Amino acid sequence: MSSFQVYNSLTRQKERFESLIPGKVGMYVCGPTVSGESHLGHARPFITFDILYRYLRHLGYEVRYVRNITDAGHFEEEGRESEDKISKKAVLEKLEPMELVQKYTNLFHWAMREFNNLEPSIEPTATGHIVEQIVMIERIIADGYAYVVNGSVYFDVEKYHADFGAKGMQYGILSGRIIEDQLETTRELEFQDEKRSKMDFALWKNAAPEHIMRWKSPWGIGFPGWHIECSAMSSKYLGEEFDIHGGGMDLQFPHHECEIAQSAVCHHKIPARFWLHNNMITINGRKMGKSYNNVIKLSELFSGAHEILTQGYSPMTVRFFILQTHYRSTLDFSNDALQAAEKGLRRLWEAFGQLNKLDTDSRAIIAAGDPDLEQKCYEVLSRLDEDMADDLNTAKVLAGLFELVPVINSIKDGHIKIDALTTATLRMMKDQFSTYLVDIFGLKEERKQDDQKLGAVLQLIAEIRKDARSRKDYATSDKIRDQLLNAGIQLKDEKDGGVSWELV
RNA sequence: GGUCCUGUGGCCGAGUGGCUAGGCAGAGCUCUGCAAAAGCUUCUACAGCGGUUCGAAUCCGCUCGGGACCUCCA
C-alpha cells in the first residue's frame, strides 16, 4: 500500500496519511441540507471527496465512507428570527416536511449519479438519529458543559475551553481562532437573552407551536441544534476516533469546531485525525451562496437554463473542470473556463480511446525505437503517482496526461511509429490512463447528442427532404419521414412551409 | 473591526529558490477534394516597490487589488 500525504487543516500542514487501523479507513463527509436543490457549489466537496474515496480504494484501503443527509433543518443561531429553513419552505410549498425533504434528497441523489460519484457506504439522516443526538446532549449536560434554558440546551463554550484547553483540545483548535479574541470583539447581539455567552451554541432548541418539525425530548418539544447530528452519527458509524473528516471550507468554523467540542466532552478526544476542507467555487469572483443570490442549481447547470450560462455543461465537463484545479484553491466559474474544460476533456478522452485501440498484445517491443521519447513518456507516467500522492494534485496529474496526448495521436496518425516505444511503456500508458481517468477521477463516456445538436441534425434532414419534395422525389422524402417516425421522431409540415418535429 | 487566504501570459489554472507546467483561445505550417480532427512550430507571465540571496513567480517587508471566515452556507 503506497503512501500519500494530505493537508490536514487541524495541524495546518501536509502530513503523511496513516489510518488508525492498517488497511481500513473511516471517512465522514458533511452532506447536503436537503431544504432545496443542490447547486454548483455543492458539486465540489462531493466530487473532491469522491476522488479521495476512489483514491483510497485504489491504494488498497477498505473504506467506510459516511455522508449524512441533513433533513432536520438547521437554525439560525443568533438569529434575528429563529426559523427552520425546511419547515418554512414546507409551508410555502404546502408540502409535508418529509415530502419536501424526500424530493430534494432524490434530486441530490440524481445529481450525484450524474457526476458519477460512488455511493457512500452509509448515508444516515439527521431525523433518523434523534435519539442518538439526545443521548449525546444528555451526556454533555451531565458533565456540566451545557445548560438548559426555556426548553433549549446550549453548549457552554467558555467552560469547555477552560477545561479542555489544558488537554490540548481548546475551542478554536481547528479554525485557528483565539477564543479570547472572539469574546472581545464587540458585535451587536440582539437576541442573546438565552445564551450565557455569544460563543455558546445550541444543542437543542425549543420548538415554537407553529414549528412543524418537532420531537419529544427531556427538555420539551423541540429539534436538534445544527452541529450535534454530525457528532452523533460519525461516532455511531465510525467510532469515537476515526481517520478523515471532510467538508467545505466554510464548515470549518463554527460547524466542525463545534463538532470537536461536543465529541471531546463525550469521548475525550478529537473525533477525527485528518480534517480536509475543499475551497469554494466563486462566480465572478464571489462565493456562490443563497445570500449572494448567485446560485446556479445543478439542473440549471446541466441544461444551461440560467441567465449566467451561455450553454449547458455536462456533468463530466463540470467534474473535469473541478479536477483541473487543486481542491484547496478557489475555483472561479465562467463560461469561458467551462467551455475550455469541455474541449479539453473531449481531446483527452478521445486520445484515451485511441490509446486503447493500440495493439500492445500481438508483439513485444523490447528496445525502444526512440529512446528519448521512451524516457520522456516513462518519466511523465511515473510522475503521475507522485503528483496524486502529494495532497491529491489532480490538476498536475491531468497536465501529465495531456503531455502524452500528442504522443498517442502521433502514433495513431503514423507520425510516430508504434515501435518507437517499448510495449511495456505502452501498456503502462494504458494502465495509467485507465487508472486515473476511470478509476480515480471517475470520468465516463457521455452521450454525445443533446437536443440542440439533434435539432441541428433534424433541420438538415428536413432541408434535404424539402429539396427532394421540390424535385418530386417522393420516394426519398417519404423514406426520410417514415424512417424518422420509426425512430421515434415525427416530422410535421407546417402551413407556412416550415417543418417542426416532435419526439414520440 | 478581528482572523486568514490570495494576486501567474487573452481566459482558466499548476508550480514555494536555479530546470518546458497543462488546458482553452491566437498565429504560421503539414496533412486533407474542401472542411473538421490531428501533428509540428510559435507569441502574450509571474500586481507594484524595496530587501535577503551567487540566483526569486517562489523567502521577508511595505503599498495597492481580490476573496473567505467571524451569521445559515459545500
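Any value given below was found using the heavy atoms of this structure, including those in side chains, with hydrogens, waters and symmetry copies removed. Just so it is clear: chains get the letters A, B, ... in the order the sequence lines come, proteins before strands, and each one is counted from 1. Owing to the predicted nature of the structure, the values given are computational and were not obtained by experimental measurement.
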Under a 3.5 Å limit on both distances, the Watson-Crick or wobble mate of B:rG33 is none
To the nearest angstrom, how far is A:K396 atom NZ from B:rC12 atom C1'? 18 Å
Pick the nucleotide of RNA chain B nearest each of A:L331 and A:C30; which residue has the one closer to the 5' end? A:L331
Expressed as a whole number of Å, how far does the P atom of B:rA47 sit from that of B:rU42? 25 Å
Is there side-chain contact between A:K396 and A:R383, with at least one heavy-atom pair below 4.5 Å? no
Heavy-atom check, side chain of A:Y436 versus side chain of A:D387, under 4.5 Å: no
With heavy atoms under 4.0 Å as the rule, sort A:D332 into base, sugar-phosphate or nothing. sugar-phosphate
Within less than 4.0 Å of OP1 or OP2 of B:rG39, is there a side-chain N or O belonging to A:H415? no
Remember a base hit wins even if backbone is also touched, and classify A:G247 as base, sugar-phosphate or nothing at under 4.0 Å, heavy atoms. sugar-phosphate
Rounded C1' spacing from B:rA74 to B:rC19 in Å: 38 Å
Tell me whether the OP1 or OP2 atom of B:rA14 has a side-chain N or O from A:S329 closer than 4.0 Å. yes
In the structure I gave you, are the side-chain heavy atoms of A:F433 and A:N356 within less than 4.5 Å of one another anywhere? no
The Watson-Crick or G-U wobble partner of B:rU52, with both key distances under 3.5 Å, is none
Sugar-phosphate only, base, or nothing, as touched by A:H326 at under 4.0 Å among non-hydrogen atoms: sugar-phosphate
Think A:K343 has a side-chain N or O under 4.0 angstrom from the OP1 or OP2 of B:rA25? yes
Once you round it to whole Å, what is the distance between P of B:rG13 and CG of A:L338? 11 Å
Using the C1' atom on both, measure B:rG15 against B:rC49 and round to a whole Å. 24 Å
When the C1' atoms of B:rU44 and B:rC11 are compared, how many Å lie between them, rounded to an integer? 12 Å
Give a yes/no on whether any side-chain N or O of A:N409 is located under 4.0 angstrom from OP1 or OP2 of B:rA37. no
Which base sits across from B:rU16 as a Watson-Crick or G-U pair, both distances under 3.5 Å? none
Nearest of B:rU71, B:rC12, B:rG22 to any side-chain atom of A:A399? B:rG22
Whole-Å distance, A:K412 NZ to B:rA38 C1', equals 5 Å
Check this for me: does any side-chain nitrogen of one of A:R54 and A:D50 sit under 4.0 Å from a carboxylate oxygen of the other? yes
Residue A:S334, side-chain atoms from C-beta onward, closest of B:rC11, B:rC70, B:rA74: B:rC11
4.5 Å side-chain heavy-atom contact, A:L398 and A:F320: yes
Report the distance from atom CH2 of A:W226 to atom C1' of B:rC73, rounded to the nearest whole Å. 10 Å
Would you say B:rA68 has OP1 or OP2 under 4.0 Å from some side-chain N or O of A:R328? no
Is it the case that A:R67 places NZ or CZ above or below the six-membered ring of A:F46, under 6.0 angstrom from the centre and within 45 degrees of the axis? yes
Partner of B:rG1 by Watson-Crick or G-U wobble geometry, both contacts under 3.5 Å, or none? B:rC70
Could you tell me how far apart A:I281 (CD1) and B:rA68 (P) are, to the nearest whole angstrom? 14 Å
Paired with B:rG7 by Watson-Crick or G-U wobble geometry, both distances under 3.5 Å: which nucleotide is it? B:rC64
Would you indicate which nucleotide in B:rA38, B:rG23, B:rC12 comes nearest to any side-chain atom of A:A340? B:rG23
A:P45 has its side chain closest, among B:rA74, B:rC73, B:rA14, to B:rA74
Counting Watson-Crick and G-U wobble pairs only, both distances under 3.5 Å, name the nucleotide matched with B:rA45, or none. none
With rounding to the closest Å, how many angstrom separate the C1' atoms on B:rG7 and B:rC31? 43 Å
Parallel, tilted or perpendicular, as decided by the 30° and 60° cut-offs, for the rings of A:W275 and A:H256: tilted
Among the nucleotides B:rA74, B:rA21, B:rC11, whichever has the atom closest to the side chain of A:H42 is B:rA74
Of A:G31 and A:P406, whose closest RNA chain B nucleotide lies nearer the 5' terminus? A:P406
Nucleotide nearest A:L251 (side chain, heavy atoms from C-beta), chosen from B:rA74, B:rG67, B:rG13: B:rA74
Validation row: A:K417, A:D370 side chains within 4.5 angstrom (heavy atoms): no
Between A:L443 (CG) and B:rG23 (P), how many Å, whole number? 17 Å
So what does A:M288 hit on the nucleic acid, given a heavy-atom distance under 4.0 Å: a base, only sugar-phosphate, or nothing? base
To the side chain of A:V405, which of B:rG23, B:rG39, B:rA21 is closest? B:rG39
Side chain of A:D250 only, please: which of B:rG67, B:rC73, B:rG2 is the nearest? B:rC73
Considering only heavy side-chain atoms of A:S410, the closest of B:rG39, B:rC12, B:rA14 is B:rG39
Between B:rC34 and B:rU30, how far apart are the two P atoms, rounded to whole Å? 12 Å
Does A:R347 make a side-chain N or O approach to OP1 or OP2 of B:rG23 shorter than 4.0 Å? yes
Using the P atom on both, measure B:rU6 against B:rC62 and round to a whole Å. 16 Å
Could you check how far CD of A:Q324 sits from C1' of B:rC24, rounded to whole Å? 9 Å
Protein-nucleotide distance (A:L345, atom CG; B:rG13, atom P), rounded to Å: 17 Å
Interatomic distance at C1', B:rG17 relative to B:rC12, whole Å: 26 Å
Between A:F242 and A:Y28, how do the two ring planes meet: parallel, tilted or perpendicular, split at 30° and 60°? tilted
